[in-house]
Structure formats: C-alpha cells, structure tokens
2 protein chains.
Amino acid sequence: MTAHATRTARRRDPSTSAAAGREAVLKAALEAFFAHGYHDTSMRKIADGAGTVISHAYYYFPSKVEILRTLMIGVTTDLIVILEAARDAAGADPVERLAALVRNHVRLHTERQAESFVANTELRSLSATERQEVVDLRDHIATLFKDVVDDGLQQGRFTTPHRDEAVLAIITMCTAVAGWYRTDGPKAPEAIADAYVDLALGMVGYAAPSAG
Amino acid sequence: MTAHATRTARRRDPSTSAAAGREAVLKAALEAFFAHGYHDTSMRKIADGAGTVISHAYYYFPSKVEILRTLMIGVTTDLIVILEAARDAAGADPVERLAALVRNHVRLHTERQAESFVANTELRSLSATERQEVVDLRDHIATLFKDVVDDGLQQGRFTTPHRDEAVLAIITMCTAVAGWYRTDGPKAPEAIADAYVDLALGMVGYAAPSAG
DNA sequence: GGTCAATTTGAGCGAATGTTCAATCAAGGT
DNA sequence: ACCTTGATTGAACATTCGCTCAAATTGACC
C-alpha cells in the first residue's frame, strides 16, 4: 500500500520518521509546560519525554522558546478560525452569535486544554517580538467578541453600559476554563459551555424573552 | 522622640535598619516577580534591586521561595480580612453583600496590583506544602462568595441555575483585573469596581427592581 | 576601651541550564 | 559497492543558578 508513495517523497518515510519525531518533541514539551511551566522545564526533560536526546530535539527546533512559540501560535490561530466559523454559522442574531463564540471558546479550552493553558500562562516567557505576535492574535479574538456585543447593543438586545469590561470579563472567564477543567470532573464540556453562555448573556444584559 | 524607645529594643534602631532591609528585599522581589516572573528573577537581581548583596538577602529569608511565599500569603490573608469586613458592613441583603465582595475584591487587585498578580500567577512556583497553604486561603475566599450567592438564591433575589460556574467566573474576572489594570488607564479603580458589580449581578441572574 | 550580638560582605561551591558540534548511523538512488 | 543526504548521537562548552560560610563591620551597652 505505502510502497512508492508520492514522487517527491523524502528518502525515509516522513510519516513515521521526520514528522513523527518533531511531533514527539512538541507533545513532550506541551505536557511538561502544562504540568510544570516553561521555566521549570529543561530541554533535557523535553528530550526524555520524547524518547530521544537533547541534541536531537535541537534538530527540529532552533531553541526552547521556539517550541513554546509553535505551541502558542498554533492553538491561538486555530481558535480564531474556529470562532469565526462558528460565528458565521450562527446566523445574524447577535444573541446566537455571542452564544456561538462563547460555546466554541469554552469547547476548545477543554478539548485542547494543555495548549490553551500554556498559551494563556506563558506569555511572559516569550521575548518581545514573539510576544507581540501572540498579543495581536489575542486582540483579534477580542475584536470578534467586541463586534458581536456592539451589534447586540445597537439592536437593543443587550443593555449593559459596560461593553469593554463585559467583553474582557467574558473572554477571561472562558479562557480560565483551561485552568481548572478536569476530564473526570462533575461536568461535561458541553454542560460547562451551556452555563458559560448563560453567564455571558447575563453579563451583557440580555433580557431573555420570558417564555414565548 | 525616638530616644530610648522600648526597653527590649534591639541594639540598632529596628525601624531604620533590620525591618527596613527586610522590606527592601521584599519590595525588590515583588517588583521583579511582577515584571519578569518568579523563575526569571534571580536572587542576584533581587539583591541588586534592594541595594545590597545576595548573601545579605539570605540573612532575612532562608530561600528564594520563602520570599514568594511571604508575599503570596500576605496579600491573600489581607484580602480575606477585607472581604469579610466589607461583607459584614454591607448588612444582610445578599445583593449588597455580593456587591461589597466584588467591589472590595476589585479594589484590592488594583491597589495592590503587583502582589495580587504574583499571588495569582506563581502558584505553581511553590512546592506542594506551601501551595496547599495558599490554595486553602483561596478556597476560603471562594466560600465567602458561595455563601452569599446561596443566600441570594434562597431568597429568590438571584436566579442563575449555574451557582458553581457563576461563583468561579466572578472570582476569576475580579482576579484578572490585576493582570491588565493600569494606573494611567481610561478608568479609575472605583469605576471598574462599579462595572464589575453590575457584571457579577448579571451573572447570578439578579433581576433589578426597575425604578422604585 | 572592650564586649557582644546584630548586621553586612566577598568569594566560591556544586549543580543545572540552553546550546553547539563534530562524528556516526541509516537508507534511497545510481 | 558507492554516494549523498537526512537522522541521530555523545560529549562538552560557557553561563547562570540557589545557596553557604567564614570573616569583617557596626553600634549599643558595660
């Protein structure tokens, strides 16, 4: 089946060799960063976790911080794509749109908890240039929420006089889920997402049409 | 005035020498932890910031982590005292009580921003025993909010079906203020506190008695 | 002036850190 | 069988880390 594969294939099978090694390093680094933090994780521990040696980890990544950057940028850009898709799929109603943003934000922060947690915790571990990259992505996410809330305010569906604080607080509480969620906890991700949608709507002063 | 002071006074004036040196180390450590994080702050930098040498810092504190512990325990216990006093001073109304908790929580996180930020960021930098100490204090704070929200739910003033999530999210958003507040920002601490009271009441499903 | 305890210092310890590099290995193409 | 190229390795570099300690300094009290 996997005989001659593609014509431009590398010498070794890239699906088992090269790419797999890189992924192993990424995965080991993520687990260590999540459990002990970036500065408490040494390149030796990362290499150990990936089942290799330190010098081989440097074959895939030029530096320790580049591993962190890869993880942070990856999950954050994915989050943007997911949020924008969910918002568009929710139609034009700002209530539905905000609900979709909150629901998918929470969902990703449970499904990819480690990446999300690291991305939200280790911002200071990046140097100025790299940090700005992530900050820009975050600002973009904030804009997504801001625009939807503005829309709801203009349509009179939301009534809060504190738009900026509400948006910031909504994103903050959704993000924090990655810090306490446990797979074996009392609530499933979907139940948490439902609750957070209600909380967010309460924060923007959404007056639910009481029954019909 | 400060002539012979108390009978049991130490040889040197403790108000200018011993205590001041300790305070200088604490202050320098706090600034560095706040700006660069615990693991990116060396004892040498702390000593430099305090205007002394590394060995002298160890005269006041047995280890680097003990400095962190001192800062974290200090601000957290203070927060508890302040919150309980504010709650009691607010009377019996759960709406007033929750407002008092939120207002004072936000206030302390702006007034003592650095300590609060470090206390909320560097939990993992403590070892198990010390971490549990702080976690217990935090649990106590969570209980303060939980009890007030329960009270409001029983009295029918609050209507949220998500008590646990609401309490957690309220504390989270209040705590996060220490992460973004700027003295020269667009809003004064009191204005932020006002907004956060509104947000919190929205989260617990407080149906405001509309005019009168 | 001498005593004693509190304070302050400089030098250095061993361990751990991120990173480098020359050398080896493995396999596909010819 | 050779060549080439990507993959993998062990050893070590320089630096920084938290921390120790014996010695010096200071100032209040007799």
Side-chain angles (χ1 to χ4, degrees), chain A residues 2-26 28-29 32-33 36-71 122 125-127 130, chain B residues 2-26 28-29 32-33 36-71 122 125-127 130:
Chain A
T2 58
H4 34 64
T6 57
R7 295 191 300 124
T8 57
R10 289 171 196 79
R11 304 305 169 86
R12 304 224 195 141
D13 184 354
S15 69
T16 59
S17 179
R22 201 187 122 101
E23 286 304 309
V25 171
L26 268 182
F33 292 165
H36 310 107
Y38 177 79
H39 282 292
D40 254 8
T41 299
S42 68
M43 284 296 280
R44 282 156 181 87
K45 288 180 192 167
I46 294 176
D48 273 0
T52 181
V53 292
I54 191 173
S55 47
H56 186 49
Y58 277 96
Y59 178 72
Y60 296 118
F61 297 94
S63 67
K64 183 184 165 190
V65 78
E66 183 62 24
I67 302 179
L68 179 63
R69 196 188 81 103
T70 302
L71 292 169
E122 301 289 0
S125 302
L126 298 172
S127 57
E130 304 150 340
Chain B
T2 58
H4 34 63
T6 58
R7 296 192 300 124
T8 56
R10 289 169 198 81
R11 302 306 168 85
R12 304 228 194 137
D13 184 354
S15 69
T16 59
S17 180
R22 201 186 123 102
E23 286 305 309
V25 170
L26 268 182
F33 292 165
H36 311 295
Y38 177 78
H39 282 293
D40 254 8
T41 299
S42 68
M43 283 296 280
R44 283 155 180 87
K45 288 180 192 168
I46 294 176
D48 273 0
T52 180
V53 291
I54 190 173
S55 48
H56 187 48
Y58 277 98
Y59 177 73
Y60 296 117
F61 298 95
S63 67
K64 183 185 165 190
V65 79
E66 183 62 25
I67 301 180
L68 179 63
R69 196 189 81 102
T70 301
L71 292 169
E122 301 289 359
S125 302
L126 298 173
S127 57
E130 303 150 340

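So that the names make sense, note that chain A is the first sequence line, chain B the second, and so on, each numbered from 1. Worth knowing before you read on, the calculation uses all heavy atoms, side chains too, and leaves out hydrogens, waters and symmetry mates. This structure is a prediction, so every number in the text was calculated from the model and none was measured.
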Quiz item: Hey, does the side chain of A:Y58 come within less than 4.0 Å of C:dT19's phosphate (OP1/OP2), counting only N and O?
Solution: yes
Self-check item: Any B:Y59 side-chain N or O less than 4.0 Å from OP1/OP2 of C:dT7
Solution: yes
Atom-pair distance ([atom1] on [X]; [atom2] on [N]), nearest Å:
{"X": "A:I46", "N": "C:dA16", "atom1": "CD1", "atom2": "C1'", "answer": "15 Å"}
{"X": "B:Y60", "N": "C:dA6", "atom1": "OH", "atom2": "P", "answer": "13 Å"}
{"X": "A:F61", "N": "D:dA7", "atom1": "CZ", "atom2": "C1'", "answer": "15 Å"}
{"X": "A:H56", "N": "D:dT9", "atom1": "NE2", "atom2": "C1'", "answer": "10 Å"}

Self-check item: Residue-level proximity of residues 48-55 of chain A to DNA chain C when a heavy atom falls under 4.0 Å
Solution: A:I54, A:S55
Exercise. Tell me, please, which residues at least two apart from A:T70 pass side-chain hydrogen bond (donor to acceptor under 3.5 Å, both in side chains).
Key: none
Quiz item: Who are the side-chain hydrogen bond (donor to acceptor under 3.5 Å, both in side chains) partners of A:E122, not counting sequence neighbours?
Solution: A:S125, B:R124
Self-check item: Closest contact, heavy atoms only, A:I67 versus A:L26
Solution: CG2-CD2, 4.0 Å
Exercise. Sorted by first residue and then second, give each salt bridge (charged side-chain N to carboxylate O under 4.0 Å, His left out) pair with at least one member in residues 39-68 of chain B; sequence neighbours left out.
Key: B:E66-B:R69
Exercise. For DNA chain D, find the residues of residues 38-45 of chain B with a heavy-atom distance under 4.0 Å and give them by number; none if there aren't any.
Key: B:T41, B:S42, B:M43, B:R44
Quiz item: Quick one: NE2 on A:H36 to NE2 on B:H39, what's the gap to the nearest 0.5 Å?
Solution: 10.5 Å
Quiz item: Roughly how far, to the nearest 0.5 Å, is the CE atom of B:M43 from the OH atom of B:Y58?
Solution: 4.0 Å
Show the distances under 3.5 angstrom between N or O atoms of the protein and N or O atoms of nucleotides 22-24 of chain C.
none

Practice problem: Mind checking ring-ring contact (aromatic ring centres under 6.0 Å, His included) for A:H56 and listing every partner two or more places apart, or none if nothing turns up? | Solution: A:Y59, A:Y60
Quiz prompt | Partner set under side chain to side chain contact (heavy atoms under 4.5 Å, CB included) for B:A24, not counting sequence neighbours | solution = B:A50
